[in-house]
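These notes concern the structure reproduced below.
Note: hydrogens, waters and symmetry copies are ignored here, and every other heavy atom, side chains too, is used. A note on names: the letters A, B, ... follow the listed sequences, proteins ahead of strands, and every chain is numbered from 1.
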Amino acid sequence: MSWSVLDLIRRDKEKYKMYLVKRQMDPSLADKFYEVDLRWRKLQTVLNELRHKHNVISRSIGKAKDPEERRRLIEEARRLLRELQRLEEEFKRLEEERRSLLFQLPNIVDDDVPEGGEEDSVPVEFWGRPRVWRGYLEEFKAQTERYGFRVDHEVIDWKPVGHADMLEYVLKLGNTVKAGEVAGSRFYYTFEDIVWLDFALLLYAMDHMTSKGYVLVTPPYMLRHKIISAVIDLETFKDAIYKIEGEDLYLISTAEHPLAALYSWEEIYDEDLPIKLVGVSPCFRKEAGAGNRDLKGIFRVHQFHKVEQFVFSLPEESRKIHEELITNAKELFQGLGLPYRIVNIAAGDLGACAVKKYDLEAWMPAQGKYREMVSASNCTDWQAYRLGIRLVRRKGMERGYVHTLNSTAIASTRTITAILENYQREDGVVEIPKVLRKYLEPFKAAPKDYIYPREKPPAGPWKRSS
RNA sequence: GCCGGGGUGCCCGAGCGGACCAAGGGGACGGGCUUGAGACCCGUUCCCCCUCACGGGGGGCGCGGGUUCGAAUCCCGCCCCCGGCGCCA
């Protein structure tokens with residue numbers, strides 16, 4: 001068994017092209033690859049025959065005793081070698097071209113993934129009772145009723161303060177202005193209660209996932225090019241990845257990548273699957289493709305902490321486990337009491353590696369929008385193929401590739417923004433979700449039930465505004 | 001970072017320039033034998049290409065180059081492991 005995409009393209013190119021169309025990509029990529037692959041195979045056959053001839057002669061030289069005979073054979077071998085060298089050069093070029101095209105091929109797409117681009121993603125489930133400011137009622141309907149869901153909600157007459165202003169000017173527990181000076185935009189300082197909240201969220205997710213048997217991991221925060229380019233597509237690479245200057249190392253943009261790499265070029269026996277991991281790590285992202293979106297606050301930043309779910313599974317189980325991952329995320333957000341919806345992401349907006357992706361979007365009362373908190377992807381054998389993660393089935397010792405899946409459990413800064421907007425009272429006090437209490441309890445200085453606005457920031461420069 | 005030793009197939013381990021193209025074990029898988037299990041016997045056990053198949057061929061000895069008709073074996077660069085020195089949260 002080889003890679004499913006390669007199999008399909010050789011067996012039924014037209015079918016694969018339909019998937020490219022569904023992804024809104026140029027289907028000619030498949031033709032191009034097919035043609036190069038065919039040439040590569042043919043040339044390899046020719047080359048192998050030639051090498052065989054050369055090997056036969058070469059071996060006979062060792063046995064030939066007569067010096068004259070030897071000289072004649074060596075001359076013959078040399079002649080073949082010259083021809084081989086010419087073809088080998090061509091083969092190398094072809095192989096490189098093939099490899100490059102092969103690695104551009106996206107995964108197929110599951111049947112129940114909606115066609116189209118970003119606007120075509122469809123909400124499939126709603127949870128919670130969102131607080132909707134009167135002025136956002138229309139927008140709210142457009143994000144719920146339009147899809148045939150009647151979502152119970154509470155209408156409020158006061159407009160909640162946005163998470164960015166809450167953090168910086170109401171609570172005064174964050175400073176993105178100074179961070180901008182010393183590191184650049186999309187960096188932040190957070191203080192006191194927000195830091196406790198950050199770590200409490202991580203602990204909450206770690207606790208939840210490990211009680212379900214997921215293995216807790218801290219992975220390397222940097223990876224070699226060889227590894228990182230195998231687990232992500234080029235677009236993500238360009239937009240997200242920081243490089244360490246002068247070294248072959250890249251900062252991870254998510255724990256997903258080092259977790260996937262844990263079994264790179266290894267065999268996993270079917271009896272050991274599924275392998276369920278929960279990783280904790282900082283994430284570093286350039287956000288190069290983001291333009292001016294979410295420039296304020298800590299919603300979209302260059303660094304944050306994340307607890308990540310990652311599973312290696314049997315091919316026949318990956319669909320089921322994909323549902324399990326998004327369910328785990330739902331449980332976490334239900335525990336936090338944050339209203340959300342689950343969105344089935346449209347094909348045009350899927351990453352190259354995923355056959356299907358669910359986002360969990362939390363309701364943000366100050367923006368009147370559902371915003372992405374969690375993303376759960378089924379990559380089937382796309383990553384496994386590129387990382388050489390083999391599946392060995394004990395019965396008959398059949399070899400294939402495992403399936404990999406990943407999902408956010410909690411991304412702390414984003415979740416904090418959702419808490420700041422959803423748990424905000426009119427007087428600016430933020431209530432802390434009850435489930436976090438036990439992760440704050442052990443610490444004297446940590447807040448327990450509420451985060452109160454400060455008169456002035458606990459540290460850092462503060463210019464009293466006029 | 002420096003000096004020394006080392007990286008061989010799923011595992012152990014031989015080979016250090018040409019002998020059917022990694023010996024020999026072990027494990028695993030398939031089959032035989034057996035009432036069943038074990039022992040025992042036979043076969044298979046990295047990747048790629050050709051073939052409906054039987055089968056055939058090529059490439060693989062940490063990774064990438066090079067020398068040679070021929071390299072696991074020689075040369076160069078890199079990575080990793082072990083020991084010693086140095087440095088350090």
Side-chain angles (χ1 to χ4, degrees), chain A residues 1-7 9-12 33-103 105 218-230 244 246-250 258 261-273 275 282 312 314 381 384-402:
Chain A
M1 266 287 286
S2 84
W3 183 32
S4 59
V5 168
L6 181 60
D7 268 2
I9 214 167
R10 282 178 178 176
R11 216 181 46 243
D12 189 352
F33 172 78
Y34 186 85
E35 191 262 332
V36 171
D37 182 53
L38 202 65
R39 267 164 52 207
W40 173 81
R41 282 147 78 189
K42 290 205 165 124
L43 186 56
Q44 189 173 19
T45 306
V46 173
L47 209 53
N48 282 347
E49 278 163 10
L50 216 57
R51 285 208 265 243
H52 177 59
K53 272 195 216 168
H54 181 258
N55 284 346
V56 170
I57 292 176
S58 214
R59 250 173 261 145
S60 71
I61 293 171
K63 282 180 267 182
K65 287 282 164 285
D66 175 42
E68 185 55 40
E69 176 74 357
R70 271 180 86 96
R71 195 167 22 238
R72 201 185 59 73
L73 286 170
I74 287 176
E75 199 34 59
E76 176 67 20
R78 279 206 178 111
R79 196 179 358 263
L80 276 170
L81 207 61
R82 273 196 296 276
E83 200 182 337
L84 257 166
Q85 259 161 7
R86 192 178 55 78
L87 284 176
E88 248 157 16
E89 244 167 75
E90 195 187 328
F91 183 70
K92 236 175 167 173
R93 265 201 312 277
L94 202 57
E95 189 159 49
E96 182 44 45
E97 194 185 345
R98 175 183 180 271
R99 208 195 64 93
S100 149
L101 286 169
L102 183 73
F103 274 30
L105 299 174
T218 57
Y221 300 160
M222 299 177 209
L223 294 170
R224 293 187 207 288
H225 178 270
K226 185 185 175 186
I227 301 295
I228 209 157
S229 63
I244 302 296
E247 301 199 45
D248 178 29
L249 284 174
Y250 298 79
L262 180 60
Y263 285 90
S264 53
W265 293 283
E266 304 283 347
E267 295 178 334
I268 305 179
Y269 282 78
D270 53 359
E271 69 219 33
D272 296 322
L273 291 170
I275 296 170
F312 300 92
L314 287 168
D381 60 355
Y385 172 69
R386 295 156 68 114
L387 278 177
I389 308 175
R390 305 308 302 253
L391 160 67
V392 181
R393 291 186 197 268
R394 195 116 251 165
K395 192 171 178 185
M397 291 301 276
E398 267 178 60
R399 299 171 66 81
Y401 289 94
V402 302

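Toward the 5' end of RNA chain B, the nearer of the two residues A:Asp37 and A:Gln85, judged by each one's closest nucleotide, is A:Asp37. If you find the closest nucleotide of RNA chain B to A:Leu47 and to A:Lys42, the one lying nearer the 5' end belongs to A:Lys42.
At the phosphate of B:rC49, neither OP1 nor OP2 sits under 4.0 Å from any side-chain N or O atom of A:Arg51. Residue A:Arg224 places no side-chain N or O under 4.0 Å from the OP1 or OP2 atom of B:rC63. Dashed line: the shortest gap from a side-chain N or O of A:Arg41 to OP1 or OP2 of B:rC50 is under 4.0 Å. Considering only side-chain N and O atoms, A:Asn55 lies under 4.0 angstrom from the phosphate OP1 or OP2 of B:rG59.
Ring orientation note: the planes of A:Tyr401 and A:Tyr385 are nearly perpendicular, at an angle over 60° on the 30°/60° scale.
Straight-line distance between the C1' atoms of B:rG83 and B:rG77: roughly 24 Å, to the nearest whole Å. The same atom, C1', is picked in B:rC50 and in B:rU34; the two are 43 Å apart, to the nearest Å. Comparing the C1' positions of B:rA22 and B:rA71 gives an interatomic distance of 13 Å, to the nearest angstrom. Taking atom P in both B:rC21 and B:rC2, one finds a spacing of 42 Å when rounded to whole Å. The same atom, P, is picked in B:rU8 and in B:rC81; the two are 14 Å apart, to the nearest Å. Between B:rC61 and B:rC74, the distance separating the two P atoms is 14 Å to the nearest Å. Only the C1' atoms considered, B:rG13 is 15 Å distant from B:rG6, to the nearest whole Å. If you take atom C1' in B:rG70 and the same atom in B:rC78, they sit 27 Å apart, rounded to whole Å.
Taking each heavy atom of A:Asp7 and A:Ser2 in turn, the nearest pair found is OD1-OG, 3.0 Å.
When both distances must be under 3.5 Å, the Watson-Crick or G-U wobble mate of B:rA37 does not exist. With a cut-off of 3.5 Å on both Watson-Crick or G-U wobble distances, the partner of B:rC88 is given as none. B:rG83 is paired with B:rC3 under the Watson-Crick or G-U wobble criterion, all donor-acceptor distances under 3.5 Å. Figure legend. B:rG9 is base-paired to no nucleotide; pairs are counted as Watson-Crick or G-U wobble with both atom distances under 3.5 Å. Nucleotide B:rC46 forms a Watson-Crick or G-U wobble pair with B:rG59, both donor-acceptor distances falling under 3.5 Å.
Here the P atom of nucleotide B:rG30 and the CD atom of A:Glu398 are 11 Å apart, to the nearest Å. Atoms CG (A:Leu102) and P (B:rC47) sit 16 Å apart, rounded to a whole Å. Here the P atom of nucleotide B:rC10 and the CG atom of A:Leu391 are 15 Å apart, to the nearest Å. Straight-line distance from the CZ atom of A:Arg399 to the C1' atom of B:rC10: 9 Å, rounded to whole Å. Rounded to an integer number of Å, the gap from CZ of A:Arg386 to P of B:rC47 is 20 Å. As rounded to whole Å, 11 Å separates atom C1' of B:rG30 from atom CE of A:Met397. Summarising the geometry, the separation between CG on A:Leu223 and C1' on B:rC80 is reported as 16 Å, rounded to the nearest angstrom. Rounded to whole Å, atom P of B:rG9 lies 12 Å from atom CD of A:Glu267.
With respect to A:Arg93 and A:Glu96, no salt bridge is recorded, no charged nitrogen being found less than 4.0 Å from a carboxylate O.
Here A:Arg10 lies in heavy-atom contact (under 4.0 Å) with sugar-phosphate atoms only.
A donor-acceptor pair is defined here as one N or O able to donate and one able to accept, closer than 3.5 Å; no such pair exists between the side chain of A:Arg224 and the backbone of A:Leu249. A:Arg386 places a side-chain N or O within 3.5 Å of a backbone atom of A:Ala230 that can act as its donor or acceptor partner.
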Next item on the list: Test side chain to side chain contact (heavy atoms under 4.5 Å, CB included) on A:Arg51 and A:Glu88 and set out the steps.
Entry: CA-CA 10 Å; A:Arg51 285 208 265 243; A:Glu88 248 157 16; 2.4 Å; yes

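The side chain of A:His52 has B:rG57 as its nearest neighbour among B:rA28, B:rC10, B:rG57. Between B:rC50, B:rG65, B:rG70, one nucleotide has an atom nearer to the side chain of A:His54 than all others, and that is B:rG70.
Applying the side chain to side chain donor-acceptor pair (under 3.5 Å) definition to pairs two or more places apart or across chains, those involving residues 37-48 of chain A are A:Arg10-A:Asp37, A:Glu35-A:Arg39, A:Asp37-A:Arg41, A:Asp37-A:Arg98, A:Trp40-A:Glu95.
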